[in-house]
Amino acid sequence: PTSKLDKSRWYRGLGGKSFGQRIAIRATQLSKEINQAISSMYAQGKGYEYATKRIAERLDVSKSHAKTLVQTECRVAEVQANVRHYEQMGVQYFGRKTVNDKTVCPICKEHKNDVYTTQELKENAWIAILHPHDRCIIEPLSRNRGAERYANRSNK
């Protein structure tokens, strides 16, 4: 009979690394590629098409997927920059606002008027972006209005 230890060898892959370790390595590489493409785009004053093409080529993904990646990552950067800027002005609360047209998705409708603290957004800018192609905005709220809405946020 084969021992448990012997069976575990089957789960070891390239270079003695488990699939989890290999995925972590690839995730780091993916992150670097995306970061370099978007940083280059901004540094050279180029548009989304530049980063989209570069990511599509480097990661061997469709242009559609690459464009979604670029747009979403740029939105995260925009939220982070805005939160830092408004924090310097003393803003403590932000509210979600949808574009309020007929194509607003059910996810965004559900989270319309959500309120976040500056600290929450600094710790995780992704809470401001619910899904790819999210068109909602995060707007600064006055201290009083933000505190009131934040206190009642579980009661939507």
Side-chain angles (χ1 to χ4, degrees), residues 17-156:
K17 292 182 174 41
S18 69
F19 76 94
Q21 291 168 320
R22 291 192 313 272
I23 288 171
I25 290 167
R26 290 199 186 256
T28 300
Q29 291 169 337
L30 175 68
S31 177
K32 286 179 184 175
E33 289 289 343
I34 293 167
N35 195 14
Q36 287 174 350
I38 292 174
S39 296
S40 292
M41 175 189 80
Y42 282 123
Q44 296 177 33
K46 299 194 176 191
Y48 281 7
E49 188 57 37
Y50 169 82
T52 298
K53 182 179 179 197
R54 187 168 168 184
I55 288 173
E57 290 169 357
R58 297 282 297 158
L59 303 180
D60 194 26
V61 297
S62 71
K63 281 200 173 187
S64 173
H65 284 117
K67 184 176 181 182
T68 297
L69 237 168
V70 169
Q71 289 173 334
T72 304
E73 292 300 322
C74 287
R75 285 286 316 279
V76 171
E78 175 188 342
V79 167
Q80 290 171 325
N82 286 339
V83 167
R84 280 194 298 271
H85 171 74
Y86 283 116
E87 181 183 34
Q88 292 172 351
M89 296 178 355
V91 172
Q92 296 176 355
Y93 300 97
F94 292 83
R96 175 182 301 281
K97 191 173 187 175
T98 68
V99 293
N100 239 3
D101 63 13
K102 64 183 178 182
T103 62
V104 172
C105 76
I107 296 169
C108 291
K109 282 181 185 174
E110 180 184 340
H111 291 278
K112 180 180 180 180
N113 298 321
D114 279 3
V115 179
Y116 312 102
T117 64
T118 300
Q119 191 60 37
E120 288 171 331
L121 288 168
K122 280 176 57 180
E123 289 172 6
N124 183 6
W126 283 98
I127 61 175
I129 300 165
L130 298 173
H131 56 82
H133 306 293
D134 184 346
R135 299 178 302 142
C136 295
I137 62 166
I138 303 301
E139 63 181 359
L141 300 172
S142 69
R143 191 169 303 207
N144 292 340
R145 181 71 177 130
E148 177 186 320
R149 283 180 55 191
Y150 189 78
N152 294 320
R153 78 181 186 167
S154 63
N155 303 331
K156 277 197 200 181

Between Asp134 and His131, is there a side-chain heavy-atom distance shorter than 4.5 Å? yes

Once you measure the plane-to-plane angle for Phe94 and Tyr86, does it fall in the parallel (<30°), tilted (30-60°) or perpendicular (>60°) bin? perpendicular

Determine whether the side chains of Asn144 and Ser142 contain a donor N or O and an acceptor N or O closer than 3.5 Å. no

Mind checking the OG-NZ spacing from Ser39 to Lys32? Nearest 0.5 Å is all I need. 13.5 Å

I need the Arg96 CZ to Cys108 SG distance, nearest 0.5 Å. 6.5 Å

Heavy-atom closest pair (Val115 atom, Gly146 atom, distance to 0.1 Å) is CG1-O, 4.1 Å

Atom pair CG (Asn113) and CG (Asn152), whose distance is rounded to the nearest 0.5 Å: 12.5 Å

Smallest heavy-atom separation, Tyr42 atom then Cys74 atom, equals OH-SG, 3.4 Å

Strictly distance-based, threshold 3.5 Å: is any side-chain N or O of Thr118 a donor or acceptor partner for the main-chain N or O of Val91? yes

Closest contact, heavy atoms only, Ala66 versus Ala56: CB-N, 3.8 Å

Does the side chain of Tyr48 come within less than 4.5 Å of Met41's, by heavy atoms? yes

With side chains defined as the heavy atoms from C-beta onward, is the minimum distance between Glu73 and Ile55 less than 4.5 Å? no

Side-chain heavy-atom pair Val70, Tyr50 within 4.5 angstrom cut-off: no

Please find the pair of heavy atoms, one from Gly95 and one from Arg149, that lie closest to each other, and give the distance. CA-NH2, 4.1 Å

OG1 on Thr52 to NZ on Lys46, rounded to 0.5 Å: 13.0 Å

Nearest-0.5 Å distance that lies between atom CD in Glu33 and atom CD1 in Ile38: 11.5 Å

Working note: Leu141 + Tyr116, criterion side-chain contact (heavy atoms from CB on, under 4.5 Å); need CA distance, chi angles, decisive distance, verdict. CA-CA 10 Å; Leu141 300 172; Tyr116 312 102; over 6 Å; no

Just so I know, are the side chains of Arg26 and Leu30 near enough to count as touching, which here means a heavy-atom distance under 4.5 Å? no

Could you check whether any side-chain N or O of Arg135 sits under 3.5 Å from a backbone N or O of Thr98, counting only pairs where one atom can act as donor and the other as acceptor? no

Could you walk me through whether Arg145 and Glu148 pass the salt bridge (charged side-chain N to carboxylate O under 4.0 Å, His left out) test, one step at a time? CA-CA 5 Å; Arg145 181 71 177 130; Glu148 177 186 320; 3.2 Å; yes

Do Arg75 side-chain atoms and Ile129 backbone N/O form a donor-acceptor pair below 3.5 Å? no

Under the side-chain contact (heavy atoms from CB on, under 4.5 Å) test against Ile138, which residue among Leu121, Asp114, Asn82, Val83 passes? Leu121

If the threshold is 4.0 Å, N to carboxylate O, is there a salt bridge linking Glu49 and Lys63? yes

Within 6.0 Å of CG in Asp60, more than 12 heavy atoms from elsewhere: no

Do Ser40 side-chain atoms and Gln36 backbone N/O form a donor-acceptor pair below 3.5 Å? yes

Side chains of Gln119 and Glu123: is there a donor and an acceptor less than 3.5 Å apart? yes

Looking only at atom types and distance, does a side-chain atom of Arg143 sit under 3.5 Å from a main-chain N or O of Gly90, one as donor and one as acceptor? yes

